[in-house]
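Note: hydrogens, waters and symmetry copies are ignored here, and every other heavy atom, side chains too, is used. So you know, we letter chains A, B, ... as the sequences are listed, proteins then strands, and number each from 1.
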Amino acid sequence: MLSFVSFSHPTDHGSTHHHLPDTEDLLDVADFESSRSKLTCPGEIITSSQAFMRGHGTYVDKEDVIASVAGTVERVNKLVTVRAIRTRYNPEVGDLVVGRITEVQPRRWKVDANSRQDAILMLSSVNLPGGVQRRKLESDELQMRNFFEEGDLLVAEVQAFFSDGAMSLHTRSLKYGKLRNGQLVTVPPILVRRLKSHFISLPCGVDLILGLNGYIWVSKQVGDSDQGEEGFDAEAVYSNQNDDVDNATRTAISRVSNIIRVLADHFIPLTDTLLLEAYEWVIEQEGETKDLLGDAGEALVAAVSSRG
Amino acid sequence: MGSRVEILNDGGFRSDGRRQYELRDISIDFSLQGTADGSVTIHHGLTQVLVSVFGPREAKSRAQTIHDRANINVEVNIAAFSTGERRKRSRGDKRILELASTIKSTFEPAIQTHLYPRSQIDVFIQILQLDGGLLPACINGTTLALAAAGIPLFDFVCAITGGVHSASPMLDLTTLEENDIPHITVAMMPKTERVTLVTMETRLHVDRFEEIFGLAVDAGKVIHKEMKLAVQARTSSLVSSLGVGSKPEGDRGMAMELDDS
């Protein structure tokens, strides 16, 4: 019989490298039941379709449920899903997202939110400056670019889905709206877990908005006095002008951004406590902010992992 | 044959010291390139290809959107320094466009495009070194990059070239061999046992076809094993680092245990 070897040595020792015995593949069902997180890749048979229902990341061919993405197999009762390890953001209603305006269209904005399609923000789902409650008129339609322009960053909530799966956003809360005074960091969406609050204030004078789509906004802290209903400033909501940010805050912002980048590079999920600990560790080390992207970053990851 | 180099010498070795059915060394590197959703550098011997996948994302132009499935956009660039003879190719080069459309049609049955209506999946292929097996390297690289980007596939697509020298078939040809002997390229899906591409640019005797085709399909399964190992290694390393700094397993483990009782 012929033999195939994909390495340069045709002799036996060449194929010991990492060739597994041919028994592999079929996770038998008993094994599947007991395992916590089973890994799979596209085309692998997970289980039989008679006993289980197929969920996301799987498809059915004849009698089998087969994985279509590389990731972890998860099971809830009879439902089998495969969660892809790295993928685009899958929106759910109520999620907090950070996005960037890509297009202004009649009565709507298109927003890039790291999803499979651009999200849509309807003119009817934004707050008017000054907080007046009324129907949007033609005059509002004509001055849409005074609210949001192409390239503006905003924080919003997923409101609903259209029939083709595109998400509709809304900013009808004082928490949401245009973003200023900071910097955007992009991480894989799986690293942002659902938290009680996605607005985090770090004690170092930095505010964080962890968008569930993997867009993270790191900005100067807003004083509590500016946020109350009375302090709602008509001009400020849609303003394009940054406030004065002093040097200490700028340093803190870039330090936090670099921490996030380093943790994301090492695929470590971000939580408020983790970020806080990481920041404290960085302050203790007294290094330069930019060093974090080099060796200091490795040390940071080691410190954080040893804790967990 | 007119060549001074023997394609297959009396000892049964080819010009680079391989046996007839021996494949070249495959190495796969999943390091991320820039903002790509998935990217991979794959070596087949001296052939080196870099593939970056973006998407599924909003289609760039309205004309390219398909209302019920995703559009696949493939762009290939052959670096001027990649071949033995330095040559700058324009973007509109007919051969490159043909290569791109071949890759596109190879992946259309493999990607579950119906899950992403009105979206676009961009595949950018850079050829950094070229020593035969251009199309198979592009296809294998694209499969891996798509898997890395978490795009749902029915199965891996594994491709390989096969040729025949007088009466002896051989696999995974180098440039030197491709120039000299008739060959075919086969892309197959090993688990579902479907073939998505068979192509040839040279004339091949019809009696030889079946033999080479069978060999190529068998070799595809060997390549599949390599690719699967690479994907699994990456997945498990990412999963293990996900576990750092949080306890996400707790609640899920609980659910599982409740179930089992």
Study note, to complete from the structure: In terms of heavy-atom contacts, B/G133 and B/T161 come closest through CA-CG2, 4.4 Å
Revision key, fill the gap. Applying a strict 4.5 Å limit to non-hydrogen atoms, the region of A/T186 in contact with chain B is neither
Study note, to complete from the structure: Heavy atoms of B/G220 and B/C158 approach each other most closely as O-CB, 3.6 Å
**Study point:** Stepwise salt bridge (charged side-chain N to carboxylate O under 4.0 Å, His left out) check, A/D112 with A/R100
**Key:** CA-CA 5 Å; A/D112 161 39; A/R100 190 189 289 277; 5.6 Å; no
Check your understanding: Going by an N to O cut-off under 4.0 Å, is there a salt bridge joining A/R194 and A/E92?
Key -> yes
Practice item. Name the region of B/I223, side chain, backbone, both or neither, that has any atom closer than 4.5 Å to a heavy atom of chain A. Key: neither
**Study point:** Toward chain B, the part of A/K62 with a non-hydrogen atom under 4.5 Å
**Key:** neither
Check your understanding: Between B/A148 and chain A, which part of the residue has a heavy atom less than 4.5 Å away: side chain, backbone, both or neither?
Key -> backbone
**Study point:** Closest-packed option against chain A by number of heavy-atom pairs under 4.5 Å, given B/D68, B/T35, B/V231, B/D37
**Key:** B/D37
Check your understanding: In terms of heavy-atom pairs under 4.5 Å, which option from A/L263, A/T87, A/D265 contacts chain B the most?
Key -> A/T87
Check your understanding: Based on non-hydrogen pairs under 4.5 Å, which of B/P56, B/G150, B/P117, B/A149 is most in contact with chain A?
Key -> B/P56
**Study point:** Residue A/A67 versus chain B: region with a heavy atom under 4.5 Å
**Key:** backbone
Check your understanding: Which atoms form the tightest heavy-atom contact between B/K191 and A/G43, and what is the distance?
Key -> CG-O, 3.3 Å
Exercise for review: Pick one of side chain, backbone, both or neither for B/L115, based on which atoms fall under 4.5 Å of a heavy atom in chain A.
Suggested key: backbone
Review point. Is it the side chain or the backbone of A/D164 that comes within 4.5 Å of chain B heavy atoms, both, or neither?
Key: both
Practice item. Flag the one option from B/D155, B/L146, B/T143 with the top tally of heavy-atom pairs under 4.5 Å to chain A. Key: B/D155
Practice item. Determine the option with the most heavy-atom pairs under 4.5 angstrom with chain B, choosing from A/Q117, A/H266, A/K110, A/H56. Key: A/Q117
Point to revise | No-hydrogen, no-angle side-chain donor-acceptor test under 3.5 Å, A/S257 and A/Q183 | key: yes
Exercise for review: Check whether B/T192 gets within reach of chain A through its side chain, its backbone, both or neither, counting any heavy atom under 4.5 Å.
Suggested key: side chain
Review point. Are any of the side-chain nitrogens in A/E44 or B/K228 under 4.0 Å away from the carboxylate oxygens of its partner?
Key: yes
Check your understanding: Without hydrogens or angle criteria, can the side chains of A/T102 and A/D118 be said to hold a donor-acceptor pair below 3.5 Å?
Key -> yes
Practice item. Scan side-chain atoms only and decide if A/N90 and A/R116 contain a donor-acceptor pair under the 3.5 Å cut-off. Key: yes
